[in-house]
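Reading through the structure tokens given below for one structure.
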2 protein chains.
Amino acid sequence: MSKNAEGVFLEYLDANALSMTPQRKRIVETFLETEHHFSAEQLGQLVKQGAPDIGQATVYRTLKLLVESGLAASVDFGDGITLYEHAYGHAHHDHLVCMKCGVKVEIYDASIEARQEEVAIAHGYTLTRHHMCLFGLCAACQAKEK
Amino acid sequence: MSKNAEGVFLEYLDANALSMTPQRKRIVETFLETEHHFSAEQLGQLVKQGAPDIGQATVYRTLKLLVESGLAASVDFGDGITLYEHAYGHAHHDHLVCMKCGVKVEIYDASIEARQEEVAIAHGYTLTRHHMCLFGLCAACQAKEK
DNA sequence: TTCTATGCAAAATGTTTGCAATCAC
DNA sequence: GTGATTGCAAACATTTTGCATAGAA
């Protein structure tokens, strides 16, 4: 799957008259190797290991391209920092976050999705997207509380 | 109801050894007169009409007190700006936002709330709070699209 | 050669904080 | 008086942008 994710990015560049540069290549590859959620800053750190001359502005600019190409998605956990995750080949999901240790679980509940649609329609809205994030304490942190 | 909202704030100040100042009074009153969602900046603008000497920092500081006292709640619509709304005497709700005109509807769906709880439990989490925001096009904006 | 991409540093944004002066109790 | 409160400006953190240089097609 991640084999042709880069291909998708190349197509996107091509379709928009943008070119693949060593910097973009390095950033995309680092992105593809990075699991879970990470900030632009964190990705920049990883990118700079072995490519110290890449500027953070380029990381931000490329991350924007990654989102536009559909490879990445930005996630907002409400703490003012934009995090990113893989979007290519990943189905829609929401998040459940432990407020103590920060562990994040991807969740998906068909009945919630269905009700969201119904609620929107009930108000005359056409639903485009949504953002849902549940905050609580994970099992491990609950145990530690005792 | 908004009659004793100020009383609630006074009690909060008292309980925390804080004092009511002209600035805080003006900010709280302006807050109570302001419906819908607004940013710290917007509230500051309103506050400064007739009290131009109140600094924006005081608005931020007082807004924090308002949230802590339970009079206000902060809402994050994912665009990096913290908005505030009235919380005193208002039940929990989520939001449905028109992406075109920005109109916001307060929504509440018991079955979504119940499922959120169940999903959290299924992952071993204790749910504390959640954040849900639906984005779409309102009826009026859909009509204009045609 | 032409237009895009880069790195850097400066700017922009929204919010917080240090501090000396001021005010509430 | 004593400690909380204020306004201001500087500090912050994250992200964006202007610009001159370098690079891709």
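For clarity, every value in this text was computed on a predicted model and none was experimentally measured. Below, chain A is the first sequence line, B the second, and so on; all start at residue 1.
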Whole Å only: how far is the [atom1] atom of [X] from the [atom2] atom of [N]?
X	N	atom1	atom2	answer
A:L10	D:dA24	CG	C1'	14 Å
B:N16	D:dA4	CG	P	12 Å
A:D79	C:dG14	CG	C1'	15 Å
A:D53	D:dA22	CG	P	14 Å
B:E41	C:dT15	CD	C1'	10 Å
A:I81	C:dT13	CD1	C1'	15 Å
A:K25	D:dG23	NZ	P	18 Å
B:L65	C:dT16	CG	C1'	14 Å

Just compare C:dA9, D:dA4, C:dA5 and give me whichever is closest to any side-chain atom of A:A57.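 Per side-chain heavy atoms of A:A57, the pick is C:dA9.
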Among D:dT14, D:dT17, C:dT6, which nucleotide sits nearest the side chain of A:Y60?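 Between D:dT14, D:dT17, C:dT6, the one nearest the side chain of A:Y60 would be D:dT14.
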Verify the contact: side-chain N or O of [X] to OP1 or OP2 of [N], cut-off strictly under 4.0 Å; return yes or no.
X	N	value
B:T82	C:dG14	no
B:Q23	C:dC23	no
B:K64	C:dT16	yes
B:R24	C:dA24	no
A:T58	C:dA5	no

Under 4.0 Å between any heavy atoms, over every strand shown, what does A:S39 touch: base, sugar-phosphate, or nothing? Just pick one.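 Since no nucleic acid heavy atom lies under 4.0 Å of A:S39, the category is nothing.
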Give A:P22 one of three labels, base, sugar-phosphate or nothing, depending on what nucleic acid heavy atoms sit under 4.0 Å from its own.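 If one applies the 4.0 Å heavy-atom cut-off, A:P22 turns out to touch the sugar-phosphate alone, with no base involved.
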Both conditions, 6.0 Å and 45 degrees, for the charged tip of B:K25 above the ring of B:F9: are they met here?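 No, B:K25 does not sit over the ring of B:F9.
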Joint cluster assignment, B:V75 & B:I107, ILVMFWY side-chain distance < 4.5 Å: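 Different clusters: B:V75 never reaches B:I107 through Ile, Leu, Val, Met, Phe, Trp or Tyr contacts under 4.5 Å.
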Comparing B:Q56 and B:S19 on DNA chain C - which has the more 5′ nearest nucleotide: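 Nearest-nucleotide comparison on DNA chain C picks B:Q56.
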DNA chain C: B:M20 or A:R61, which has the more 5' nearest nucleotide?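 It is A:R61, whose closest nucleotide lies nearer the 5' terminus.
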Ring centre gap for B:H130 and B:H92 strictly below 6.0 Å: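 Centroid separation for B:H130 and B:H92: below 6.0 Å.
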Report yes if the distance between the aromatic ring centroids of A:F77 and A:H37 is under 6.0 Å, otherwise no.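 Under 6.0 Å, so yes.
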Can B:R115 and B:E118 be counted as an ion pair, charged N to O under 4.0 angstrom?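 Here B:R115 pairs with B:E118 in a salt bridge, since their nearest N and O are under 4.0 Å apart.
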